There are 2 protein chains.
Amino acid sequence: MKEIETFLEDKKVRPTAMRVLIYKYMAEKEIAVALADIENAFTKADRTTLYRTLKTFEENGIVHQIDDGTGITKYALCDKGCNCEIEQDLHLHFHCLNCNETVCLTKHKIPHINLPEGYLAEDVNLVVKGICEKCSGQ
Amino acid sequence: MKEIETFLEDKKVRPTAMRVLIYKYMAEKEIAVALADIENAFTKADRTTLYRTLKTFEENGIVHQIDDGTGITKYALCDKGCNCEIEQDLHLHFHCLNCNETVCLTKHKIPHINLPEGYLAEDVNLVVKGICEKCSGQ
DNA sequence: CCAATAAATGCACTTCCATTGCACTTTTTA
DNA sequence: TAAAAAGTGCAATGGAAGTGCATTTATTGG
C-alpha cells in the first residue's frame, strides 16, 4: 500500500485513497479492465472520478489505453520500464472471443513494419483476436 | 455502371440504385470511408439505409470494416481477390494523424505473429498511425 | 398481367459509452 | 488559517451504433 503511494508520487500523481485503490485493483488483475469493470468493483465511487483517474494515470504513464476492437476502451498498467510512446516498445494485445478478456502480451513486441515511401509511423496498434490459453485448453 | 451491377449480382447482392451509387462512391475514393462520409455524400438517403447497405456489402465480401482506433468504424472495398477472413491475407491499415484519413495498405501483409502456447489466433488487426505521404511533404 | 410475397427503404427511437459543466469537498500552500 | 488548487460527485450532453415497425419497391408464381 505504501509502495503504491510512493509509486504514484514518483509519477507526479497525488496518491488519494481512490487512486491507490484503483491502482491496487488493476495491479491484481492480469487483464485489461474497462471503466465499467472498475465501476462494478467500486460501487461507491462515481463513474466520473474513475474515468478521470484513469485519464490522469494515462497522462502520467501509469496505464495505457487499449483499443481491442470491442468498442470499449480498456486500460492496463504499464510495465516497469514501459514506454508506450516509443514505437520499439509497443507490445501486442490479445482479445479472447470466448471469455471476452483482453491481455497485454508484453513479451511480444510488435515487429518492425515497413511502410511505403513517405509514410511516417508514430504509433502502432496490433490486436490479435482468438481464443486465449485459458479457454482453449482443458 | 453496368459492371457494378453485374459485380454486385455476382456477390449475391441485388443491385438497387442506392447500392450501385454507394459502391461507385467507394470505388472512387481511395481511402476508407465512415458512415458519416457517405451520409454527407447522399443527403437524400436515410442513414439506416446506408448503414444496412454497408452491412450487406460486408456480409457478402464486398467491403471490409476497419477499426482504425478513432472510434469511428470505417469501410473499404475489398480488393479483387481479397479474402479478409483468411489470416494470411490480412493487410494493415494506416491512419494519418494529420488529415485523419485511413488507407488500406493492401500490399503490406501482416507478418506472422508468434503467440504464447495455448493461444489461437483467428483475426488480426494492425493499424499504424502517423503521417501519410500526402501530408508528410512533397 | 396481377396478386402474393419478399426485399429494401425511411422514420423514430433506443442504447451504450465517452465526455463535459458545474457545484461541492478535500487537500495543499503561502 | 485563509486562499488557491486539486479531487470528487451529480447531472446532462453528445456521438455513433443498432433496432422496430410501417411503407415502398421489386420479384415471382399462378
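All values reported here derive from a predicted model rather than from experimental measurement. Numbers restart at 1 for each chain; the letters A, B, ... are given by sequence-line order, proteins then strands.
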Do B:T48 side-chain and C:dC11 base share a donor-acceptor contact under 3.5 Å? yes
If I take atom CG in residue B:D37 and atom C1' in nucleotide D:dA16, what distance separates them, rounded to the nearest angstrom? 13 Å
A:Y51 OH to D:dC10 P: how many Å, rounded? 18 Å
Tell me which of B:Y75 and A:T49 sits closer to the 5' end of DNA chain D, going by the nucleotide each one is nearest to. A:T49
For B:R19, which contact category applies under a 4.0 Å heavy-atom criterion: base, sugar-phosphate, or nothing? sugar-phosphate
How do B:K74 and B:T16 order along DNA chain D: which one's closest nucleotide is nearer the 5' end? B:K74
Atom CZ of B:R14 and atom P of C:dT9: how far apart are they, to the nearest Å? 9 Å
Mind calculating the distance between CZ (B:R47) and P (D:dG15) to the nearest angstrom? 13 Å
Just by modelled atom types, is the A:I62 backbone N or O under 3.5 Å from a matching donor or acceptor in the A:N60 side chain? no
Once hydrogens and angles are ignored, does a donor-acceptor distance under 3.5 Å link the base of D:dG9 to the side chain of A:R52? yes
Using whole Å, what does the distance between atom P of nucleotide C:dT9 and atom CG of B:L54 come to? 12 Å
Give a yes or no on whether the backbone of A:E3 and the side-chain of A:T6 come within a donor-acceptor separation of less than 3.5 Å. yes
Parallel, tilted or perpendicular for B:Y25 and B:F42, by the 30°/60° rule? perpendicular
Using the ring of each side chain (for Trp, its six-membered ring), is B:Y119 parallel, tilted or perpendicular to A:F94, with breaks at 30° and 60°? perpendicular
Once you round it to whole Å, what is the distance between C1' of D:dG9 and NZ of A:K55? 16 Å
Answer with base, sugar-phosphate or nothing: what part of the nucleic acid does B:T73 contact at a heavy-atom distance below 4.0 Å? sugar-phosphate
Whole angstrom is fine here: how far is it from CD in B:Q65 over to P in D:dA16? 15 Å
I need the CG-P distance between A:L35 and C:dC17, as an integer number of Å. 10 Å
Rounding to 0.5 Å, atoms CD (B:Q65) and NZ (B:K55) come to a distance of 10.0 Å
